[in-house]
Chemist: 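My structure is below; once you've seen it, I'll send some questions.
Fair warning: this is a prediction, and the values are worked out from it, not measured in the lab. Per chain, numbering begins at 1; letters A, B, ... match sequence-line order.
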Amino acid sequence: MSNGTSTSDESRDLDSTSSDGQDDRSRVQTSEPEGSPNENGKPPSSEGDGQQFKVDDPLFSQRKGVFQNKEMVRVGWVPDGDRIVGRDDYISTISSCLNDAVYGGAPNHISITGKTGTGKSLVSRYVTRRAVNASVEDIRIGHTYLDCSKSSTEVQVISTIGQQLNDEDIYDEDEDIVKMPDTGLPKDKFYKRLWQILDHYDSAIIILDEVDLLKSDHVLMSLAKAVESNDTSCQIGIIAISNQINFFDELNPRTKSAFQTQELNFDPYNANQIQEILRGRDDAFRDGVLTDEVIPLVAAFSAQEHGDARKAMRLFRTAGELADREEDDMVEEDHVRRAQDALEKDRFRDFLQGTPTQMKAACLSIAAKSLYSRDDYIITGELYDAYQQITNAIDMDTIGIRRFRDILDEMQLSQVIETKEVNMGKGGGRHNSHRLLHNPEAILDIVMEDSRFGDISKSSLKRFA
DNA sequence: CATCCACCGGAAGCCGGGGAAA
DNA sequence: TTTCCCCGGCTTCCGGTGGATG
């Protein structure tokens, strides 16, 4: 391999594809964009919010605002090592797995489990970045981060990895650049092109986040076996991340034998660690704008969510944005509480966005049921009845009960509902029973934003329940 | 303790939309 | 333009399930 170190130029960082997307940009967001992703771990310039420019139009006048380095409270931001709290052991285990890659050798595969917001992606990306930066001269390390909730089919995974690694700098002048389309080719062609791209690297670190959402684990096996089966000369190290504890035990045996990993399980943060994380980033805000109760309250809210640092960060940021938008000089307890409400509504709106209309109808049926029926839990059959009445009322297609069950499944996966099994005994049969985890009023409001459901009045929903 | 019910959920396959290559 | 392929949404089919009941 020729001209030196890492090919992954700083502009195309680990960040740009990934939890950036998970960072459901809150609708209480202020006017400025996300700020360019910053991979070097240094806080962005404190003048980074465009203050060095003067804008004449009073409509866009520059307020001081509560933030000074807003980038630092973005969910995808990968901080310096000394701002990463309580993950030292994990960092050192991962780095020893990746150590050989730095010298062009074969990195070990790693499987990481742990609940959401426990720093799995953050630490993986941090160590990967360190490895890439540390690589010895003339060794070319490719690295890529893939969120499998967005690219879940085999072809999508292969094509996305290929596209991310397909830097024109890796080619010689007279060489043809491999084209990697999104779709349209037979599977084996996608693989072939990926191997061609990988051949330009000595080693590659591939981070697969939310790997449990892959439609098939075949891709995992293919990547893990690539060197062994002479598909590519590039040494591939996979960091597979899942928030399902037993995911890697349940892989099909062939994949499991090809994909031998170092296993890591990330513990949730405790309330103190969350506070420490937040304090480690409080210089995102201007001096003195945070009132004393803000950080403890944000930490307390997220402690209710099993120590999810990602949600904490989002809440922290959103509270600031709310203060900014209302032109308040300080961030106060009330901002945090309202931000928490807004985020919950946003989460649900984001969930619905892009889902089929049938999902909205299904949500409407469970919202109506939980508003107007006495029972906490509602069995599938009853929900389906309500759903049918709703679709008939607005003259839309009605899906079969089997598909309806799949939709309920998706709702459960996205934590919109909670499902438990009930057995009515001889003759009563076995049922799944569902409970809404959100405020039904809020759900009605959000579903009604869709014009197709505009004809249904809240009062008429009572009939369906 | 076998029975029974009514739903559960995996598997397979269909269909229309959309993209790439020949 | 035609052919080939992927993909999401959907249906049909069918064996599996488990606790109150008789």
Chemist: How would you list all residue pairs meeting salt bridge (charged side-chain N to carboxylate O under 4.0 Å, His left out) that involve residues 397-417 of chain A, not counting sequence neighbours?
Modeler: A/Arg402-A/Asp406, A/Arg403-A/Glu410
Chemist: Just to verify, what does A/Tyr387 make a ring pair (Phe, Tyr, Trp, His ring centres under 6.0 Å) with, not counting sequence neighbours?
Modeler: A/Tyr384, A/Phe404
Chemist: What pairs meet the ring-ring contact (aromatic ring centres under 6.0 Å, His included) rule with one or both residues in residues 160-197 of chain A, with sequence neighbours excluded?
Modeler: A/Tyr171-A/His200, A/Tyr191-A/Trp195
Chemist: Reading nucleotides 3-15 of chain C from the 5' end, what letters show protein touch, with B for base, S for backbone sugar-phosphate only, - for no heavy atom under 4.0 Å?
Modeler: --SSSSSSBB---
Chemist: Could you note down all residue pairs passing ring-ring contact (aromatic ring centres under 6.0 Å, His included) where residues 227-267 of chain A supplies at least one of them, sequence neighbours left out?
Modeler: A/Tyr90-A/Phe266, A/His109-A/Phe259
Chemist: Does A/Leu371 have any side-chain contact (heavy atoms from CB on, under 4.5 Å) partners at least two apart in sequence or in another chain, and if so, which?
Modeler: A/Pro440, A/Glu441, A/Leu444
Chemist: With A/Lys120, which residues qualify under salt bridge (charged side-chain N to carboxylate O under 4.0 Å, His left out), at least two apart?
Modeler: none
Chemist: Of all nucleotides in DNA chain B with an atom under 4.0 Å from a non-hydrogen atom of chain A, which is the first and which the last going 5' to 3'?
Modeler: B/dT3 to B/dA21
Chemist: Atom pairs, N/O to N/O, protein against nucleotides 19-22 of chain C, distance under 3.5 Å?
Modeler:
unit_1 : atom_1 : unit_2   : atom_2 : d
C/dG19 : O4'    : A/Asn423 : ND2    : 3.4
C/dG19 : N2     : A/Lys426 : N      : 3.2
C/dA20 : N3     : A/Lys426 : N      : 3.1

Chemist: Just grab all the salt bridge (charged side-chain N to carboxylate O under 4.0 Å, His left out) pairs involving residues 173-194 of chain A, residues at least two apart or on different chains.
Modeler: A/Glu154-A/Lys187
Chemist: Provide the full list of salt bridge (charged side-chain N to carboxylate O under 4.0 Å, His left out) pairs with a residue in residues 355-364 of chain A, sequence neighbours left out, each pair given once.
Modeler: A/Lys360-A/Asp450
Chemist: Determine which pairs satisfy salt bridge (charged side-chain N to carboxylate O under 4.0 Å, His left out) with at least one residue from residues 229-238 of chain A, sequence neighbours left out, and list them in order.
Modeler: none
Chemist: Please report the shortest heavy-atom distance between A/Ala258 and A/Met221, naming the atom on each side.
Modeler: CB-CG, 3.9 Å
Chemist: Let me spell it out: for each of A/Arg430 and A/Arg193, pick the nucleotide of DNA chain B with the closest heavy atom. Which residue's pick is nearer the 5' end?
Modeler: A/Arg430
